[in-house]
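Structure first, then comments.
Along the sequence shown, residues carry numbers from 1.
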Amino acid sequence: MNINILIFNDFEPLDVFGPMEVFLHADGFQVNLFTLDKASNIKSYNQISLDVKSVSDINKKGVLLIPGGPATRTLISDTDFLKELASLASEAAYCLTVCTGSALLAATHLMDGKRATSNKLAFDWVTSSNPKVNWIKRARWVVDDHLYSSSGVSAGIDMSLAFLANAVNEEFADNIAHHIEYIRVKDNNNDPFS
């Protein structure tokens, strides 16, 4: 299964690299970093530079992962970006959001009537992006049908492991957590930041 991670300038690095580390250790999963931008080199908000694929170079039927970061504050008003994101999310088998990435997916209205969460430090801003979403404040991650959303930054790792537990099985996810020496949070209600 393809894990397609959307990259844009000023993304939050751990929103990308945390889940990416999980999926890189998962047999049967292929990680792709791609962008909707014209440029193939994208920089995080603290200037980590990545060479990424074009959206035309990915299999859109896989898993779409949308990170957060400072850029979400401007991308949420970018109608062309949101239109492309809505199209991608509609084709994807699953959509995973990390941190304020949920605000971007919410702005496409594909989360209307669905349960979701986001970064607690930005929760008021995120929830104001779309009041038709059933925002859950006390949750490390939330699953609603094929949509997964996680709280801030490091919660994306737990959400990615929970996704693998659901897609494959618990032992598979536990083995990956053990391999990367990560203490996995299995209770999605364990959210000390809410």
Side-chain angles (χ1 to χ4, degrees), residues 1-12 15-16 18-19 23 32 34-37 55 58-167 187-191 193-194:
M1 183 178 287
N2 286 286
I3 306 292
N4 299 314
I5 303 176
L6 176 60
I7 305 291
F8 40 78
N9 284 315
D10 292 329
F11 70 90
E12 165 58 47
D15 288 5
V16 170
F23 292 118
N32 301 297
F34 79 98
T35 187
L36 299 177
D37 292 345
V55 66
I58 63 165
N59 179 347
K60 300 171 188 170
K61 303 289 184 196
V63 176
L64 174 63
L65 190 144
I66 307 163
T72 59
R73 302 281 180 158
T74 53
L75 288 173
I76 201 165
S77 301
D78 185 332
T79 54
D80 291 336
F81 174 87
L82 293 176
K83 184 177 178 182
E84 285 186 79
L85 179 60
S87 176
L88 283 171
S90 295
E91 288 188 63
Y94 297 93
C95 290
L96 284 60
T97 66
V98 182
C99 195
T100 55
S102 60
L104 296 178
L105 190 58
T108 68
H109 293 283
L110 294 175
M111 295 176 90
D112 288 7
K114 302 285 188 184
R115 296 176 323 123
T117 196
S118 192
N119 184 312
K120 302 315 180 290
L121 294 176
F123 202 74
D124 290 342
W125 174 75
V126 170
T127 57
S128 71
S129 69
N130 185 345
K132 294 179 181 178
V133 176
N134 181 10
W135 294 106
I136 310 297
K137 188 162 190 175
R138 185 169 188 81
R140 189 143 173 87
W141 73 90
V142 170
V143 181
D144 193 326
D145 191 28
H146 69 291
L147 303 176
Y148 286 66
S149 57
S150 67
S151 189
V153 193
S154 65
I157 299 169
D158 290 314
M159 176 195 68
S160 298
L161 289 163
F163 171 79
L164 289 177
N166 292 339
D187 178 3
N188 67 329
N189 293 313
N190 181 356
D191 184 13
F193 303 102
S194 61

Distance-only, no hydrogens or angles: does the Lys120 side chain make a donor-acceptor pair with backbone N or O of Lys137 under 3.5 Å?
yes
Interatomic distance, CZ@Phe163 vs OG@Ser150, rounded to 0.5 Å, equals 13.5 Å
Using only atom types and a distance under 3.5 Å, with no angle test, would you say the side chain of Asp10 pairs donor to acceptor with the backbone of Ala71?
no
side-chain contact (heavy atoms from CB on, under 4.5 Å), that's the test. Do Phe11 and Thr35 meet it? Break it down for me.
CA-CA 11 Å; Phe11 70 90; Thr35 187; over 6 Å; no
Just by modelled atom types, is the Val143 backbone N or O under 3.5 Å from a matching donor or acceptor in the Arg115 side chain?
yes
I would like to know whether Leu164 and Phe23 meet side-chain contact (heavy atoms from CB on, under 4.5 Å); could you show each step before the answer?
CA-CA 9 Å; Leu164 289 177; Phe23 292 118; 3.7 Å; yes
Nearest 0.5 angstrom please: Asp187 CG to Trp141 CH2, how far?
7.0 Å
Nearest heavy-atom approach of Ile136 to Thr117 is O-OG1, 2.7 Å
Among Val126, Asn119, Leu121, Thr72, which residue satisfies the side-chain contact (heavy atoms from CB on, under 4.5 Å) criterion with Cys99?
Asn119
Mark yes or no for whether Asn2, through its side chain, and Asn4, through its backbone, hold a donor-acceptor pair below 3.5 Å.
no
Look up atom OG in Ser154 and atom CG in Asp15, then write down how far apart they are to the nearest 0.5 Å.
9.5 Å
Looking only at atom types and distance, does a side-chain atom of Asp191 sit under 3.5 Å from a main-chain N or O of Ala139, one as donor and one as acceptor?
yes
Main chain of Lys132, side chain of Asn130: is a donor-acceptor contact present, judged purely on distance under 3.5 Å?
yes
Ser102 and Ser118: side-chain donor and acceptor closer than 3.5 Å?
yes
Can you confirm whether more than 12 heavy atoms, excluding those of Phe34, are under 6.0 Å from its CZ atom?
yes
Could you measure the distance from the OG atom of Ser149 to the NZ atom of Lys114? Nearest 0.5 Å is fine.
12.0 Å
Gap separating the CG atom of Asp37 from the CG atom of Asn9, nearest 0.5 angstrom:
5.5 Å
What residues form a salt bridge (charged side-chain N to carboxylate O under 4.0 Å, His left out) with Lys60, not counting sequence neighbours?
none
On a heavy-atom basis, the closest approach of Leu147 and Met111 is CD1-CG, 4.1 Å
Approximate separation, where rounding is to 0.5 Å, of Ile66 CD1 and Leu105 CG
4.5 Å
Per side-chain contact (heavy atoms from CB on, under 4.5 Å), Tyr148 is matched among Thr97, Val142, Asn166 by Asn166
Considering all heavy atoms, the nearest Pro67-Phe8 contact:
O-CZ, 3.4 Å
